[in-house]
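These notes are about the structure you will find just below.
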Amino acid sequence: MNTLRLLYPQWQGGDVGKMIPELNEKDSSTGYYLGAELLEFLAPKDSKTKIAKVPISLEYPKSGVRESKNGILNYDKIVKQSKAALEILNKYKPDKILTLGGECSVSVVPFSYLANKYKDDVAIVWIDAHKDLNLQGDKYQGYHAMALAATFGLIDKEGIARILPAHFNPKDSIIVGLRDFEGKKERCEEIGVKVLSPEESRDSTKLLEWLKSRGKSKAVVHFDLDVLDPSELIMAVGVVENGLKIAEVVNLINAINTNYDLVGLTIAEHMPRVAIKLRNMMRELPLFE
C-alpha cells in the first residue's frame, strides 16, 4: 500500500490569539506551523514512506487584524491551501495518508480524498474534546471549529464544498472523547453525528460496536491533541479537564487499526508553547544569525 506522510502546517483556521495569554497573538496564531514541524521532526522515520509538505503562508497582518470572508477567518488563504493539498494528493495518489498538522481543518482535504477513493466504504472517528461542527454564521469564525462539518459538505457550499472531491454522510461519523460542547450541545444531534463521552471511550468496546453498525471496511481517524487530559499532557490550545489518557487514545486507534483498514490518520492542534518561548528567547541572544 502506498502511504503518504503529509506535513500540513496550516494555522489560518484557528482564531486562538487571545486564548494563550503567555504568548502574543502572532506567535499563538502561527504556532500551529511550528507544531506541525515538530511533529514531523519527532515522528518515527520510514524510508519507504513518501513525504510531502503543503505550502502554507506565514504572512501575518501588521495591524494584527485578520480578514474574515464568507463567515470564515482567512478564507482566501484556506481555499488556496486546500487546493494545494488536493493537488499534492492527486499527484501522489496515496492509498493511505498520515497527516501532521496544523489546526483541525488539516483533516478535511485528506479525508475527502479518501472518501472519494473508497466510495462510501469509510467511517470517520473524530477524537476530540470539541465537536468541530460550527457553521457559518456562528460567532466563532475559525475554520478549525468547522472542520468535521466541512467533511460533510456543510461549509461554504459554493466554494470549499465544491473543491472537495467527496463528502461524508454524518451518520458515518463519531466524535470520541467530546466534553466541551461550547454551548451548542444540540448541534451533534441536529446534524446526526454519534458522540461518545470520555467515560464511554476509556476502552474500545462502544467504539467498535458503533463501527460494526456502520458496515464499513475502512476508517479514518482524526486525533486532536486537546482530547488528552491536561493533568497528563498539555499539547494543544484547549485545556479541558477529564480528558482521555495517552494510553487510552493509543489503544483506541490501535483497536481500529486491528479490526478495520485504517486508511487515514491525522494528528492535529499541536501548540508548542514551550518551544515558542524557547525560540523567542534565542532570538534575543547574540551570535544567532
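Not measured: the values here are computed from a predicted model.
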Taking the side chain as every heavy atom from C-beta outward, state whether [X] and [Y] have any atom pair closer than 4.5 Å.
X	Y	result
K91	E87	no
R187	D138	yes
M146	D156	no
Q12	S57	yes

Under-4.0 Å salt bridge between E67 and K77: no
Donor-acceptor check, side chain of T49 to backbone of L4, threshold 3.5 angstrom: yes or no? no
K216 side chain to D120 backbone, donor-acceptor under 3.5 Å: yes
Which distance, rounded to the nearest 0.5 Å, do you find between the CG of N251 and the OG of S201? 12.5 Å
With rounding to the nearest 0.5 Å, note down the distance linking CG in L154 to CG in L135. 6.5 Å
How close do [X] and [Y] get, heavy atom to heavy atom, and via which atoms?
X	Y	answer
A147	V108	O-CG2, 3.5 Å
L38	A275	CD1-CB, 3.8 Å
A150	L164	O-CD1, 3.5 Å
N2	Y92	ND2-O, 3.2 Å
I160	I155	CB-O, 4.1 Å
L211	A123	CD2-CB, 3.9 Å

Donor + acceptor pair across side chains of Y118, D261 (<3.5 Å): no
Are N90 and K93 linked by a side-chain donor-acceptor pair shorter than 3.5 Å? no
Check the angle between the aromatic planes of W126 and H222 and answer parallel, tilted or perpendicular using the 30° and 60° thresholds. parallel
